[in-house]
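Input: a single structure, listed below in structure tokens.
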Amino acid sequence: MPYAKVMIHFIWSTKNRHHLITEQLKPLLLNHIKENSLKKEIYIESLNCVEDHIHLLISLGTEQTIAKIAMLIKGESSFWVNQQKLINQKFEWQDDYIALSVSQSAIEKVKQYIANQEEHHKKKTFTEEYNEFIEAHGFELRSFG
């Protein structure tokens, strides 16, 4: 069995950054994502969301790809929210996402950042945060929504 530890920090927003994740939906959504991910052998180290986006820190398995993990979590969780009729409109995630590798030495810092999303977004919008991630990691800036 191979040894691998590849940590990925995922970030994606709701479709068009609509504020769909209410205080009532948030714990249900996060718990469902955790439980469903375990069934699919997706190991989430940390996750948190605010009304318009989510952050996840995931330990990538040896046969998993970034695209497959994002597709599985996004597709299944939006389907579940809609099937359960947990909000009064259609729940959708955006198509795009950010996926960043995280070194072993930065794992605790990223976990702390994810845990403090509510506090962080009292000072900074998701658009500001997104643009900072894009710039800091050398991505080409484009519309995120």
Side-chain angles (χ1 to χ4, degrees), residues 4-61 64-145:
K5 187 159 191 177
V6 178
M7 303 299 292
I8 304 294
H9 180 187
F10 283 98
I11 308 161
W12 60 75
S13 82
T14 55
K15 186 81 168 186
N16 300 317
R17 296 189 191 146
H18 291 297
H19 291 200
L20 300 176
I21 305 170
T22 63
E23 286 299 316
Q24 296 78 26
L25 176 59
K26 179 179 175 173
L28 300 171
L29 177 63
L30 294 178
N31 189 55
H32 178 75
I33 289 172
K34 282 190 264 188
E35 288 179 0
N36 187 62
S37 294
L38 277 176
K39 291 176 190 173
K40 292 181 165 87
E41 297 183 353
I42 299 170
Y43 300 104
I44 299 174
E45 295 280 329
S46 181
L47 80 161
N48 198 4
C49 61
V50 292
E51 61 273 344
D52 63 349
H53 71 281
I54 189 166
H55 289 258
L56 304 96
L57 180 62
I58 294 177
S59 178
L60 203 60
Q64 294 173 329
T65 66
I66 290 169
K68 185 72 168 175
I69 295 296
M71 181 191 74
L72 286 170
I73 294 173
K74 289 166 61 180
E76 197 287 328
S77 61
S78 60
F79 176 80
W80 178 79
V81 169
N82 291 319
Q83 184 182 48
Q84 299 298 312
K85 298 181 175 33
L86 296 174
I87 60 174
N88 293 327
Q89 62 193 90
K90 186 175 181 183
F91 185 90
E92 293 180 88
W93 295 114
Q94 68 175 22
D95 292 334
D96 289 340
Y97 57 85
I98 294 174
L100 305 165
S101 62
V102 178
S103 67
Q104 184 68 32
S105 62
I107 289 174
E108 288 308 313
K109 183 178 178 183
V110 172
K111 282 182 176 182
Q112 194 171 48
Y113 179 79
I114 291 172
N116 292 321
Q117 282 298 292
E118 292 86 355
E119 197 60 36
H120 173 74
H121 286 291
K122 288 179 183 175
K123 302 172 197 156
K124 190 178 294 185
T125 68
F126 177 61
T127 300
E128 292 168 331
E129 176 186 58
Y130 168 78
N131 290 339
E132 286 178 8
F133 272 105
I134 292 300
E135 187 176 315
H137 296 281
F139 293 119
E140 181 180 319
L141 187 61
R142 62 179 182 200
S143 174
F144 193 56

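Index from 1, following the sequence.
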Next on the checklist: I need the I21 CD1 to L30 CG distance, nearest 0.5 Å.
Outcome noted: 7.5 Å
Next on the checklist: What I'd like to find out is whether the side chain of I33 reaches to under 4.5 Å of the side chain of W80, using heavy atoms alone.
Outcome noted: no
Next on the checklist: Assess whether a salt bridge exists between K40 and E76, defined as any Lys/Arg side-chain N lying under 4.0 Å from an Asp/Glu carboxylate O.
Outcome noted: no
Item to check | Minimum side-chain heavy-atom gap V81-L29 below 4.5 Å | outcome: yes
Checklist entry - Only one of H121, E119, H120 clears side-chain hydrogen bond (donor to acceptor under 3.5 Å, both in side chains) with Q117; which? => result H121
Checklist entry - How about E135: does its CD atom have over 12 heavy atoms from other parts shown lying under 6.0 Å from it? => result no
Checklist entry - Given W12, which of I98, L56, D96 fulfils the side chain to side chain contact (heavy atoms under 4.5 Å, CB included) condition? => result L56
Checklist entry - What do the steps show when you test T14 against W93 for side chain to side chain contact (heavy atoms under 4.5 Å, CB included), and what is the final call? => result CA-CA 4 Å; T14 55; W93 295 114; 4.0 Å; yes
Next on the checklist: With rounding to the nearest 0.5 angstrom, report the CG to CG distance, N36 to N31.
Outcome noted: 11.0 Å
Item to check | Closest contact, heavy atoms only, H9 versus V110 | outcome: ND1-CG1, 3.9 Å
Checklist outcome for this item: Which of I73, I69, L57, I44 passes side chain to side chain contact (heavy atoms under 4.5 Å, CB included) with F10? Answer is I69
Checklist entry - Taking all atoms of both residues into account, what is the closest heavy-atom pair of Y97 and A67, and its distance? => result OH-CA, 3.4 Å
Checklist outcome for this item: Scanning both residues in full, the closest heavy-atom pair of S77 with H32 reads CA-CD2, 4.4 Å
Checklist entry - Distance from K39 atom NZ to K34 atom NZ, nearest 0.5 Å? => result 14.5 Å
Item to check | Expected output: side-chain K74 to main-chain D95 donor-acceptor under 3.5 Å | outcome: yes
Checklist entry - Taking only residues two or more places apart in sequence or in another chain, which ones pass side-chain hydrogen bond (donor to acceptor under 3.5 Å, both in side chains) with K109? => result none
Next on the checklist: Does L60 form a side chain to side chain contact (heavy atoms under 4.5 Å, CB included) with Y43? I'd like the steps, not just the answer.
Outcome noted: CA-CA 7 Å; L60 203 60; Y43 300 104; over 6 Å; no
Item to check | Contacts of type side-chain hydrogen bond (donor to acceptor under 3.5 Å, both in side chains), residue K123, not counting sequence neighbours | outcome: none
Next on the checklist: Just to verify, which of T125, D52, T127 counts as forming a side-chain hydrogen bond (donor to acceptor under 3.5 Å, both in side chains) with R17?
Outcome noted: T127
Next on the checklist: With rounding to the nearest 0.5 angstrom, report the CG to CG distance, L86 to L28.
Outcome noted: 6.0 Å
Checklist entry - Can you name the closest pair of heavy atoms from N48 and I54 and give their distance? => result O-CG1, 3.4 Å
Checklist entry - Rounded to the nearest 0.5 Å, how far apart are CD1 of I107 and CE of M7? => result 4.5 Å
Checklist outcome for this item: The side chain to side chain contact (heavy atoms under 4.5 Å, CB included) partner of H53 among H19, Q94, E129 is E129
Checklist entry - What are the two closest heavy atoms between Q64 and S59, and how far apart are they? => result OE1-O, 4.0 Å
Checklist entry - Centroid-to-centroid, H55 to Y113, below 6.0 Å? => result yes
Item to check | Pairwise distance CD1(I114) to SG(C49) - rounded to 0.5 angstrom | outcome: 11.5 Å
Next on the checklist: Parallel, tilted or perpendicular, judged at 30° and 60°: which one describes the rings of Y130 and F126?
Outcome noted: tilted
